[in-house]
Amino acid sequence: MPFTIATWNINSIRLRLPIVERVLRERQPDVLCLQETKCIDELFPFEPLAAAGYPHVLINGQKGYHGVATISRRPIALLETRQFCGIADSRHLSARLSAGGLDILLHNFYVPAGGDEPDPEINPKFRHKLGFVDEMRAIPATSGDSAASILVGDLNIAPLEHDVWSHKQLLKVVSHTPVETESFEAMRLGGNWVDLMRQLVPADEKLYTWWSYRARDWAASDRGRRLDHIWSSANLSGRLTGIDVLREARGWERPSDHVPVIARFDLD
DNA sequence: ATGGTTGCCAAGCAA
């Protein structure tokens, strides 16, 4: 049995509990990292997730906005919930679990979207996003003989040309501006993180995890972006056996605008 | 160039 980990910006856990249960039932990931749960901790749906086989649930929620949760079939321990840029948003949760004899440090991130105007001087939300990515430099991929790291989440940046439907048309659109993509890649490489999706999908192939709600026909226009990511330390990247982007989930009833991404590893 | 949709929670704000 491989070890599998999934990430999904769910855009309200309570509204979309039925499709979360569907993914858990059909794909049975060992761990699912959720972002934008939009749910205070007291209202989090622990019981249905436990009934689905996921009794280990770690949450960092807030009212109405943001919020991350990491749910697991196997025991998992909360490490910390970090703040970034001195702003008390619920955008991070780290945890420790064991798989294949490895002690795995797992980060679940929801990076700020950054607003519409890609100018940090006039747009505080964009300034926050750039500062947030800068602060992520303090979280490198730690590893050792029996230790490894995984970082997943909605990172709200599509770094490569073919991570967006039109590189040229998105160069001035927040999520794909050079100031974002360059600092994003520098942060990833400086932290020794491996981009696992692109390890298996060639850089010249289009790859998206998000399609706007505003499209008349998201599938026909297919104007997507790869905003969701799975990274690992180098000692785990060699154990990666597969990546699934569940594009079909964008067409389900009451969908999130993001779809689940699942990584499979040759670990038990 | 503009507006297009969704969710929170009950008016805009954020995405």
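Each chain gets a letter, A, B and so on, in the order the sequences are listed, and its residues count up from 1. In what follows, every heavy atom counts, from backbone to side chain, and hydrogens, waters and symmetry copies are set aside.
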Legend entry - Between B/dA14 (C1') and A/D89 (CG): distance, integer Å: 11 Å
Legend entry - Below 4.0 Å: OP1/OP2 of B/dG3 and any side-chain N or O of A/R216: no
Inset, instruction - Please work out which of the three classes, parallel, tilted or perpendicular, describes the rings of A/H92 and A/F109, given edges at 30° and 60°. - result: tilted
Legend entry - From B/dT6, B/dA15, B/dC8, nucleotide with atom closest to A/R16 side chain: B/dT6
Inset, instruction - Scan A/R250 against the nucleic acid and name what it touches under 4.0 Å (heavy atoms): base, sugar-phosphate only, or nothing. - result: nothing
Inset, instruction - Rounded to the nearest angstrom, tell me the gap between atom CG in A/D116 and atom C1' in B/dG3. - result: 12 Å
Inset, instruction - Using heavy atoms to find the nearest nucleotide of DNA chain B for A/H258 and A/K38 separately, return the residue whose nucleotide is more 5′. - result: A/K38
Legend entry - Pairwise C1' distance, B/dT6 and B/dA10 [rounded to whole Å]: 15 Å
Inset, instruction - State which of B/dC8, B/dT5, B/dA14 makes the closest approach to the side chain of A/Y213. - result: B/dT5
Legend entry - Under 4.0 angstrom between A/K125 side-chain N/O and B/dA14 OP1 or OP2: yes
Legend entry - Nearest-Å distance for atom pair CZ/C1', residues A/R254 and B/dG7: 9 Å
Legend entry - Qualifying ring pair (Phe, Tyr, Trp, His ring centres under 6.0 Å) pairs with a residue from residues 10-35 of chain A, counting only residues at least two apart or across chains: none
Inset, instruction - Considering just the side-chain nitrogens and oxygens of A/S12, establish if one lies under 4.0 Å of OP1 or OP2 belonging to B/dC8. - result: yes
Inset, instruction - Identify the two heavy atoms, one from A/G61 and one from A/S90, that lie closest to each other, and give their separation to 0.1 Å. - result: O-OG, 3.1 Å
Inset, instruction - Can you label the angle between the A/W193 ring and the A/H107 ring as parallel, tilted or perpendicular, going by 30° and 60°? - result: perpendicular
Legend entry - Length of the line joining A/N156:CG and B/dA15:P, which is rounded to integer Å: 8 Å
Inset, instruction - Could you work out which one of B/dA15, B/dC8, B/dA14 sits closest to the side chain of A/Y65? - result: B/dA14
Inset, instruction - Please determine if A/R73 forms a cation-pi arrangement with A/Y54, meaning its NZ or CZ atom is less than 6.0 Å from the six-membered ring centre and no more than 45° off the ring axis. - result: yes
Legend entry - Protein-nucleotide distance (A/I13, atom CD1; B/dC8, atom C1'), rounded to Å: 15 Å
Inset, instruction - Could you state the atom-to-atom distance from CD of A/E117 to P of B/dA14 in whole Å? - result: 15 Å
Legend entry - Whole-Å gap separating C1' (B/dA15) and CZ (A/R214): 7 Å
Legend entry - Spacing of A/H128 atom NE2 relative to B/dA14 atom P, expressed in whole Å: 12 Å
Inset, instruction - Would you indicate what A/H66 reaches in the nucleic acid, counting non-hydrogen atoms under 4.0 angstrom: base, sugar-phosphate, or nothing? - result: sugar-phosphate
Legend entry - P spacing across the pair B/dA1 / B/dG12, given as an integer number of angstrom: 29 Å
Legend entry - Rounded C1' spacing from B/dG3 to B/dA15 in Å: 15 Å
